[in-house]
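Lettering follows sequence order; numbering is per chain, from 1.
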2 protein chains.
Amino acid sequence: MAQSDTVDRILDAAEELFAERGFSETSLRMITSKAKVNLAAVNYHFGSKNALIHAVFARFLTPFSATLETAFDELEERCDGQPPTLNQTLWALTESAVRMPQRNEKGISIFMRLLGLAYTQSQGHLRKFLEQEYSEPFGRFMRLLKEATPELSSVDRYWRIQFMLGATAFTMSSSDALIDILENKLGVETTVQEIAARLVPFLAAGMKAPDKMLVPPTNSGVSVA
Amino acid sequence: MAQSDTVDRILDAAEELFAERGFSETSLRMITSKAKVNLAAVNYHFGSKNALIHAVFARFLTPFSATLETAFDELEERCDGQPPTLNQTLWALTESAVRMPQRNEKGISIFMRLLGLAYTQSQGHLRKFLEQEYSEPFGRFMRLLKEATPELSSVDRYWRIQFMLGATAFTMSSSDALIDILENKLGVETTVQEIAARLVPFLAAGMKAPDKMLVPPTNSGVSVA
DNA sequence: GTCTGTTTGAAACATACGTTTGAAGGCCTG
DNA sequence: CAGGCCTTCAAACGTATGTTTCAAACAGAC
């Protein structure tokens, strides 16, 4: 119990604090005092603050990427031969994320926010770590997207994938704040699962949108509906 | 020339560094050495680091919100009575942003990234500053969006606006890098205006997407096209 | 029980930060 | 050219950070 208890307590506290405040804004002293362990424990068990950040991500991301691979396997098997549709691909991703075993009730939302922060806060070391550690499931997801949108030119698909990434990373990175605002303003409670259920159709519709608009509608707007 | 030169040099350096690295990750010493001014100049001219952050935003946002108000005025006048369409509203916004006089070639993309950071990094003071300083044009944009999407529930609209914000802020914030990647990979040159021309239809299609999906299509994907 | 390797503990380390100070410099008004 | 005001400058302040140190506590094996 000795080691694993301390290590897990640090990871739990770090995960939560990073998600709340970002990486640079969270000090090791905040983490160790929340985890009720000695300050030196972080450097003893992980080596450095950056390595702790990596460990926080790895604890979730490694099982998740395995789950995701399985989901993609099943999806491709079900479609035997046929490439999966865009909706199926997006759902395989979100389903895998939502179905992950969660340490507590906040589990998934905390991690979504961390992923958003990883993309947003330019922590060079983190991006490098994620790229070289999880490039395979990411590349596979890209391949599926390409097969699901054969009608798009490479350039259009490129930009629309960026738009999807942006909407997702941005929303998830501030999901807690957004959920709070929504509850205060409209008195509605929301879960991350519900956000995902709203996000996927939005993304799918955007990916399948009519062509790039060439001339701004200065005197007569071209309706989309 | 004495004061204004120092003040502007600080603002230029701060703007660029904040956009590159975020707020907490950028020190006053980085800013002052990039601007080639004395360290104390920031606290002398602005009072504090937080006030400098506010000034960086105000320098762009104040003229922009004026331009935007004019654009909305013209739009509503053109539509006399009729609420502007979603496309028209989105175009009024992006046109105003793109048409702003820019200090340098990076102008617009730097500021988009800053806006994204303002939303993402939980800088309480910044959000408070922006809310109480620019609530009017923001509220007007929201009102126009509401009138352009009467078919959406408040909650659906809220989330889809977040998705739009995310796709925009994220894409624009890294537009330089993305443009470079695209040129290297596919040999295609792009401008920020072209990105906007691709982004607006994507956003409009997302806003007008069919309802929130309640059940994941586990064995037969519901196509959107 | 004693020894060995691992884990914790309190304290200190060096460094970086935002901010303040007080003297020196420059510029315009009289 | 003298005085006053705004600006710059080098230096220091106090505080907070990530990391290191080394002794104490602990565990399990013999």
Side-chain angles (χ1 to χ4, degrees), chain A residues 1-59 114 117-118 121-126 128-129, chain B residues 1-59 114 117-118 121-126 128-129:
Chain A
M1 126 144 171
Q3 145 158 0
S4 72
D5 192 47
T6 299
V7 167
D8 284 344
R9 288 233 301 278
I10 292 176
L11 285 174
D12 288 340
E15 183 177 277
E16 205 160 327
L17 285 172
F18 285 152
E20 268 175 29
R21 323 173 28 94
F23 304 112
S24 328
E25 292 85 352
T26 303
S27 70
L28 291 185
R29 283 167 176 82
M30 293 179 197
I31 295 171
T32 53
S33 78
K34 176 175 184 125
K36 295 202 181 75
V37 302
N38 188 272
L39 169 61
V42 170
N43 284 278
Y44 175 76
H45 286 288
F46 298 94
S48 69
K49 183 181 179 181
N50 280 354
L52 170 62
I53 296 177
H54 297 175
V56 166
F57 276 86
R59 182 167 66 150
L114 285 181
L117 288 181
Q121 315 212 165
S122 59
Q123 299 265 0
H125 67 96
L126 218 195
K128 212 168 294 176
F129 169 78
Chain B
M1 126 140 168
Q3 145 157 2
S4 72
D5 192 46
T6 298
V7 167
D8 283 344
R9 288 234 300 279
I10 292 175
L11 285 173
D12 288 340
E15 183 177 278
E16 206 160 326
L17 285 172
F18 285 153
E20 268 175 28
R21 322 174 29 94
F23 304 111
S24 327
E25 292 85 353
T26 302
S27 70
L28 292 185
R29 285 166 175 82
M30 293 180 199
I31 295 171
T32 53
S33 78
K34 176 174 185 127
K36 296 201 180 73
V37 302
N38 188 271
L39 168 62
V42 170
N43 284 279
Y44 174 76
H45 287 288
F46 297 94
S48 70
K49 183 181 179 180
N50 281 354
L52 169 62
I53 297 177
H54 297 173
V56 167
F57 277 84
R59 181 167 66 150
L114 284 181
L117 288 182
Q121 316 214 163
S122 59
Q123 299 265 359
H125 67 96
L126 219 196
K128 214 167 294 177
F129 170 77

Atom CG of B:N43 and atom P of D:dA10: how far apart are they, to the nearest Å?
16 Å
Does the side chain of B:L117 reach to within under 4.5 Å of the side chain of B:F18, using non-hydrogen atoms?
no
Any B:N43 side-chain heavy atom under 4.5 Å of B:L28 side chain
yes
Which is more 5' along DNA chain C, the nucleotide nearest B:S24 or the one nearest A:A41? Just name the residue.
A:A41
Can you check the A:Y44 OH to D:dT20 P distance for me, whole Å?
14 Å
To the nearest Å, give me how far apart CG (A:L17) and P (D:dT17) are.
12 Å
Go through the steps to decide whether A:R9 and A:D5 satisfy the test side-chain contact (heavy atoms from CB on, under 4.5 Å), and finish with yes or no.
CA-CA 6 Å; A:R9 288 233 301 278; A:D5 192 47; 2.7 Å; yes
Could you state the CG-C1' distance from A:L28 to C:dG9, rounded to the nearest angstrom?
16 Å
Under 4.0 Å, counting only non-hydrogen atoms across every strand here, what does A:T32 touch: a base, just sugar-phosphate, or nothing?
nothing
Any ion pair linking A:D12 and A:R59 (charged N to carboxylate O, less than 4.0 Å)?
yes
Students often mix this up, so state it plainly: with edges at 30° and 60°, are the rings of A:F129 and A:H54 parallel, tilted or perpendicular?
parallel
Classify every nucleotide of nucleotides 11-16 of chain D by which part a protein heavy atom approaches to under 4.0 Å, writing B for the base, S for the sugar-phosphate alone and - for neither, in 5'-to-3' order.
-B----
So, does B:K49 use its side chain to make a donor-acceptor pair with the main chain of B:F23 at under 3.5 Å?
yes
B:T6 side-chain N/O to D:dT8 phosphate OP1/OP2 under 4.0 Å:
yes
Between A:L11 and A:F46, is any pair of side-chain heavy atoms under 4.5 Å apart?
yes
Figure out the CD/C1' separation between B:E25 and D:dG18, and round it to whole Å.
15 Å
Distance check needed: D:dG18 P versus A:K49 NZ, whole Å only.
4 Å
Separation of D:dT17 P from A:I31 CD1 (nearest whole Å)
11 Å
Between A:N50 and B:K36, the residue closer to the 5' end of DNA chain D by nearest nucleotide is B:K36
Over how many whole Å does the gap from A:L52 atom CG to D:dT19 atom C1' extend?
14 Å
If the cut-off is 4.0 Å, is A:H45 near the phosphate of C:dT8, judged by side-chain N/O to OP1 or OP2?
yes
